[in-house]
Structure formats: C-alpha cells, structure tokens
Protein chains: 2
Amino acid sequence: MSEGRAAPVYSGENLLFLTDEQLRQGIEAMFFAYRGFTADPDRILADQSYGRAHHRAIHFINRAPGTTVNNLLAILGVTKQSLNRVLRALIADGLVESRVGNVDKRERHLYLTEDGRALESRLSDAQRARMRAAYRVAGPEAVAGFRQVLEAMMDTDMRRAYVRLRDGTP
Amino acid sequence: MSEGRAAPVYSGENLLFLTDEQLRQGIEAMFFAYRGFTADPDRILADQSYGRAHHRAIHFINRAPGTTVNNLLAILGVTKQSLNRVLRALIADGLVESRVGNVDKRERHLYLTEDGRALESRLSDAQRARMRAAYRVAGPEAVAGFRQVLEAMMDTDMRRAYVRLRDGTP
DNA sequence: TTGGAATGTCAACAAGACTGACGTAAACTG
DNA sequence: CAGTTTACGTCAGTCTTGTTGACATTCCAA
C-alpha cells in the first residue's frame, strides 16, 4: 500500500499501523476518483437540460423497473420535493412513465420509456467504459478489494439497499 | 466477485468476462459508498454555516499549506468565483489566512489558522474513523485493490494531482 | 513602456438540495 | 364506519454551490 517506510505487519483481522497519512490518501483517492466517475455522464447531460439528479433517477428506475416513488426516495436519499421536480421533468419529456399501482392505488410505479432507455444506455455506456478500463488496469484481485472496501464504507441502510439491488432480492 | 454463474476465468492482464451487471454493481457501490464517505463531515458541518465545499477547501489547504488560489482551483475543479465565496467566508471567520505572495504579488498563499486546524481535525477525524473501520473490515489486500481501482478511475489531471499530494512532490 | 496574460475579487444568476404547509386519494384500524 | 395513517403531488421560500460577466491589480514580454 505504501512504500518508503518499514513494512507494517498486518495480523489477521487485527489490521494495525494504519497511519493518518495512509487514511488521508484513501480519502483523497475517493474524492478524485468520484470526480472521474461522474465526469462522462455529466458531459453528456451538459447539453440537455438535465443534471446528475436526473441521471441518478434514470439509473435506478432502469435498475428496478416498476419501483415506487417512495422506494426511489429511500435509495437516492433526497426529499420527495427534490425528486418530484426531477421526475416531473422526465415524465413531461416522455423518458419516464408513471403507472398507478394495481394493488395499492396510492403508489406510482415508474418505468423508463423507449426514449428513457436510450438515454440510460448512452449514460451508462460511458460510465461502464470507464469502470471497465479501471478494472482492467487494476486487475481482478484489486476489483474484489475495491468492492469490499466500498461496501464496508456504506451506512447500514445504504448497504442494505445496495445488496438488495445487487442480489435482485426485493 | 459474483457467485451463481460459471466462474469467469481471469488471465493475467487480460481481464475478461466483465459483464455489464458486474460493472453496474461497481457503479452502484461507488454511489452508495460516496454517500457514507461524506456523511460524517456533512453532519458536523450542518450545524455551522458551512458545507461540503468549505470542507474540501479546508482539507486541501491543510494538506498543502501555502498553496495558491489557482492551485486550489485546479485541485477542486471549480471556478475561481465559486472557490472565492468559500474562501471569503473562511477568511472572514478566521479559519484561513491569505498572504500576498512575496515573489509574485498577484498570488495569495493560503494557510489554516489555529481555529482552522481545529475544525479540520474534527472533520477529518470523523472521516478517517470511517475509513479506518472500512479498511479493518475489508483487510489489507482489499485496501490495496481499492486504491488501485480508484487511481485507475481518475482523469489524468486528477491522477497527477493525487500522486503529487500523495508523494509530497510539488 | 505598453499591451496582453495571469491572478484574484465582486455581482448576479441558475441548479438542485432543503424545510414547511397543504391537498387528495387510498388504505388501514379500532 | 369514522378517524388515522400512508403515498404522492405541489406551492412557496431558503440555502449551498455551481456558473458567467465585469473589473482591478500585477507581471511580463515585445
């Protein structure tokens, strides 16, 4: 992890000698990497009148078609007013369809339209290309570690949401 | 990385069988983890009249004392006007000191004051604690992989800035 | 020495987040 | 069945943080 000083001894689950400096580097790595992570979709959306908020909504609607507004709210971690502004625009532009629930008519189930899926593809193609390139450079073991650390960094609620999406267990 | 389907064969630097699904999981991991990553400092700053932008400025001024505004601009990736608002507040509140450059009087060199360092500590203590916990859960090999993937995900400019800070080579 | 480039500041504006209040419809519950 | 809770939408107002545009100061090179 870091050269130039006496190699720290890691023993089992007792991971020691994590200097503030090492942690700080991890923090900065997160900061700079997240910028890269969002750069490509941001560029694509810059032309349109959409932003990162729209991208997030589109991503998760695509990921869990038929999800309810409340569900999306919990995943995105924003207020319903904030999400509503975004959804209103996407629905008005015909990228998202909102269907009243069959069993519970209070609920609205959200789906991407053909156009919505098209935009989603453009956005996630760009993001996946970068992720794929990074994965290739770093190698498979690094990828596994990457995922482990990220998962450990999440809040409990978010980890639950993440795992649920990952495993497709509603 | 993923169970439930035929184990993909990874061969040397030729990392294959990266399904869209696997990449998508990486993308979502980044999204959820970044939320956790910023949660603690955000909570601390919520009381004060500061936000994430102030945190970022404080972090990097602490990291590279005497840095110029232009320098900070490049690292943070915002416009100078945007940074200026943040700096103005921090200077007015006595957390940051701005000294006119000796050799080039157009430049302002930025330093944290005693109070600035105190807030920096509070913020980064919280963030480091989470990072440390995540590192401990994931283990040292995972941490190495984590850092590798993040570095590979950065834009070239950001990777340069990151390495420069990490290695302390101005 | 003068005009352009670089550095930084001030002012006005836009996006996107937030809170608070309110309304409607549907579901649940004693 | 009446009252309460839940799910969703909306209006209004505020705050943070990003943007452009205009401008002052300083440096440097033709």
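Every heavy atom of this structure was used, including side-chain atoms; hydrogens, water molecules and symmetry mates were not. Lettering follows sequence order; numbering is per chain, from 1.
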Do any side-chain nitrogens or oxygens of [X] fall under 4.0 Å of OP1 or OP2 in [N]?
X: A:Asn70; N: D:dC8; result: yes
X: A:Arg56; N: C:dA17; result: yes
X: A:His54; N: C:dA15; result: no

Task: Verdict with reasoning, A:Asp155 to B:Arg35, per side-chain contact (heavy atoms from CB on, under 4.5 Å) - done: CA-CA 8 Å; A:Asp155 277 334; B:Arg35 289 259 296 280; over 6 Å; no

- [ ] Answer with yes or no whether B:Gln81 presents, from its side chain, a donor or acceptor under 3.5 Å of a partner atom in the base of C:dG8.
- [x] no

Open item on the list: Base of D:dG18, side chain of B:Arg85 - is there a donor-acceptor contact under 3.5 Å?
Closed with: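 Side chain to base: pair present.
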
Sugar-phosphate only, base, or nothing, as touched by [X] at under 4.0 Å among non-hydrogen atoms:
X: A:His109; result: nothing
X: A:Gly77; result: sugar-phosphate
X: A:Val103; result: sugar-phosphate

For [X] and [N], give me the distance from atom [atom1] to atom [atom2], rounded to whole Å.
X: A:Asp104; N: D:dT5; atom1: CG; atom2: P; answer: 17 Å
X: A:Leu87; N: C:dA17; atom1: CG; atom2: P; answer: 11 Å
X: A:Arg52; N: C:dA14; atom1: CZ; atom2: C1'; answer: 16 Å
X: A:Gln48; N: C:dA14; atom1: CD; atom2: C1'; answer: 18 Å
X: A:Arg99; N: D:dG9; atom1: CZ; atom2: P; answer: 15 Å
X: A:Asn84; N: C:dA17; atom1: CG; atom2: P; answer: 13 Å
X: A:Arg108; N: C:dA25; atom1: CZ; atom2: C1'; answer: 8 Å
X: B:Lys80; N: D:dG21; atom1: NZ; atom2: P; answer: 13 Å

Open item on the list: Are A:Val96 and A:Thr113 packed together at the side-chain level, in the sense that at least one heavy-atom pair is separated by less than 4.5 angstrom?
Closed with: no

Task: Heavy-atom side-chain proximity of A:Asn84 to A:Lys80 below 4.5 angstrom - done: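 The answer is no; the side chains never approach within 4.5 Å.
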
Task: Rounded distance (nearest 0.5 Å) linking atom OG1 of B:Thr79 with atom CZ of B:Arg85 - done: 8.0 Å

Given [options], the nucleotide with the shortest approach to the side chain of [X]:
X: A:Lys105; options: C:dC18, C:dT9, C:dA26; result: C:dA26
X: A:Thr79; options: C:dT9, C:dA26, C:dC18; result: C:dC18
X: A:Thr68; options: D:dC8, C:dC18, C:dA26; result: D:dC8
X: A:Arg88; options: D:dA7, C:dG8, D:dT10; result: D:dT10
X: B:Arg106; options: D:dG18, C:dT19, C:dT7; result: C:dT7

TODO: Starting from the 5' end of DNA chain C, give me the residue, A:Ala53 or B:Asn71, whose nearest nucleotide shows up first.
DONE: B:Asn71

Task: Nearest-nucleotide comparison on DNA chain C, the residue closer to the 5′ end among A:Val78 and B:Leu73 - done: B:Leu73

Task: salt_bridge(B:Asp125, B:Arg122) N-O dist < 4.0 Å - done: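 Looking at B:Arg122 together with B:Asp125, the answer is no, because their closest N to O distance does not fall below 4.0 Å.
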
- [ ] Name the orientation class of the two ring planes belonging to B:Phe146 and B:Tyr135 (parallel below 30°, tilted from 30 to 60°, perpendicular beyond 60°).
- [x]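 Taking B:Tyr135 first and then B:Phe146, their aromatic rings stand perpendicular (interplane angle over 60°).
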
